[in-house]
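Everything below concerns the one structure shown next.
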Amino acid sequence: MKQLLKVAFLSVLIVAVSAATVSASENLVVHFLDVGQGDSELLQFNGKNVLIDGGSRELGPSVESYLRNHGVSSLDLVIATHPHEDHIGGLIFILNDIPVKQVLDSGQVHTAPSFETYLDLIDKKNIPFDTAQRGQTINLDPNLKIEVLSPPKSQFQDDINENSIVLKVTYKKVSFLFMGDAGLEAENSIMTTGYNLKSDILKVGHHGSSSASGSSFLAKVKPSISIIEVGAGNDYGHPTQKTLSALQNTGSKIYRTDTNGNIVVTTDGLSYSVSAEKLSRSAACVMSLTAALPSIRTSIEYGAAITTTNTIATSSQQSFVGSVKSNKYHYPSCQWGQKIKPSNEIWFTSSEDARAHGYVPCKVCNPP
Ligand SMILES: [Zn+2]
Ligand SMILES: [Zn+2]
């Protein structure tokens, strides 16, 4: 009896410990806000909040209420990637209404009224202000590595987009690359620096414009997830088919704020999940099909008659995708991996991580 009690006590302890290791504070949560044609991303980690861009001025109130709804009462850092209206306009509301501890700016000037108001507010509120430069690291938390990849010390000539602040954020094995509106010139320059560009999640440069996302750059980044922040029916034709194809050619899964709404990536540093406010048309289609035909899907998935064509080259940095509703993991290019509902996806940085989470390889795409 005594022994039994001891065992019961031990198992309670184990449950308590494992609950602590998966507490929310261990997760990095990155929100890609749907701000129409513009950019805004919120990073939350260990009680700290960072805002990269704030959308355009008319979207400022929506960004502010999104932040408040996600428990943000102050911001440890605001990063303005470059002084274009669709990135800094909304920051006017944020700087006015929410305490900000520090601003990181691209160091470029612009004559837009929003930019002058932005500078006036920083001045009036006495917010410490720093200019970003390649080679800097941002010390937000010892477990989070934030590197400034661009702009370089001597900035690109006369191009506000090219001089956007580009950031790589790494939490253990999972990394994010935030491009702002940087384009091909910045990409080519970054490729000469020796930075490890491989990133799991890419915030695609310049809203999917063909002035960014060059194939050689994407080949180095090899994103599993590409997120395009873009407005529906925008006047610029963003994103272009050329960029969408280039992203698809890397084997990347594409999310867009115009079709998916707000997109949230949550990671414990080993695996990550992506949740989107709205399902895109194709994902919704697959979901209703699989909901109607669950037994057929299962029998096809595990059927021996299926021949597999696995074209993905194995690499030590390969990512794998699974569903929270099953225990299989797949190559991102696998037909079954592609059919997982976005809100059910869970991503692993290696087969070891997938197996450590209790997942087994898909028999169709046969990952390691
Ligand atoms: Zn922009
Ligand atoms: Zn811009």
Side-chain angles (χ1 to χ4, degrees), residues 30-43 51-60 62-63 66 78-94 103-119 131-132 148-152 155-167 176-190 202-214 217 226-240 242-244 246-247 254-263:
V30 181
H31 308 251
F32 300 83
L33 278 68
D34 176 12
V35 288
Q37 185 67 13
D39 267 11
S40 184
E41 299 106 37
L42 168 68
L43 281 67
L51 184 67
I52 304 176
D53 292 337
S56 60
R57 199 170 185 135
E58 63 268 27
L59 269 295
S62 320
V63 173
Y66 187 95
V78 164
I79 298 168
T81 62
H82 66 296
H84 276 155
E85 172 62 27
D86 57 322
H87 297 253
I88 61 144
L91 292 181
I92 307 303
F93 288 84
I94 305 303
V103 169
L104 185 69
D105 184 86
S106 66
Q108 305 182 85
V109 287
H110 199 259
T111 50
S114 283
F115 185 63
E116 284 169 29
T117 316
Y118 155 89
L119 289 180
T131 303
V148 177
L149 274 50
S150 203
Q155 297 200 337
F156 306 109
Q157 280 194 341
D158 299 329
D159 194 316
I160 287 177
N161 286 336
E162 291 293 352
N163 287 305
S164 287
I165 298 176
V166 175
L167 296 167
F176 295 78
L177 189 60
F178 297 93
M179 295 301 297
D181 278 357
L184 303 171
E185 194 179 359
E187 291 170 3
N188 288 335
S189 162
I190 292 168
L202 170 68
K203 199 300 289 178
V204 174
H206 200 195
H207 319 287
S209 158
S210 47
S211 67
S213 303
F217 185 72
S226 296
I227 298 175
I228 304 173
E229 295 202 46
V230 69
N234 65 79
D235 297 337
Y236 309 97
H238 296 160
T240 63
K242 184 174 168 236
T243 299
L244 292 171
L247 292 168
I254 300 170
Y255 289 84
R256 303 163 51 154
T257 52
D258 59 343
T259 50
N260 297 120
N262 298 311
I263 299 152

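Start at 1 with the first residue, then count along the sequence. We count ligands from 1, going down the list as the structure has it; atoms in each ligand are counted the same way.
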### Task
If the plane angle is over 60° it's perpendicular, under 30° parallel, otherwise tilted; pick one for H87 and H207.
tilted

### Message
Between S114 and T117, do the side chains contain a donor N or O and an acceptor N or O under 3.5 Å apart?
### Response
no

### Summary
Within less than 2.8 Å of the Zn ion (ligand 2), the count of protein N, O or S atoms comes to 4

### Task
Using side-chain contact (heavy atoms from CB on, under 4.5 Å) as the criterion, point out the one residue from L149, V30, V204 that pairs with F178.
V30

### Task
Would you kindly say whether N161 and H84 are connected by a side-chain donor-acceptor distance under 3.5 Å?
yes

### Query
Do the two ring centres, one from H110 and one from H82, sit under 6.0 Å apart?
no

### Message
Can a side-chain donor-acceptor contact be found between S56 and D86 if the only test is distance below 3.5 angstrom?
### Response
no

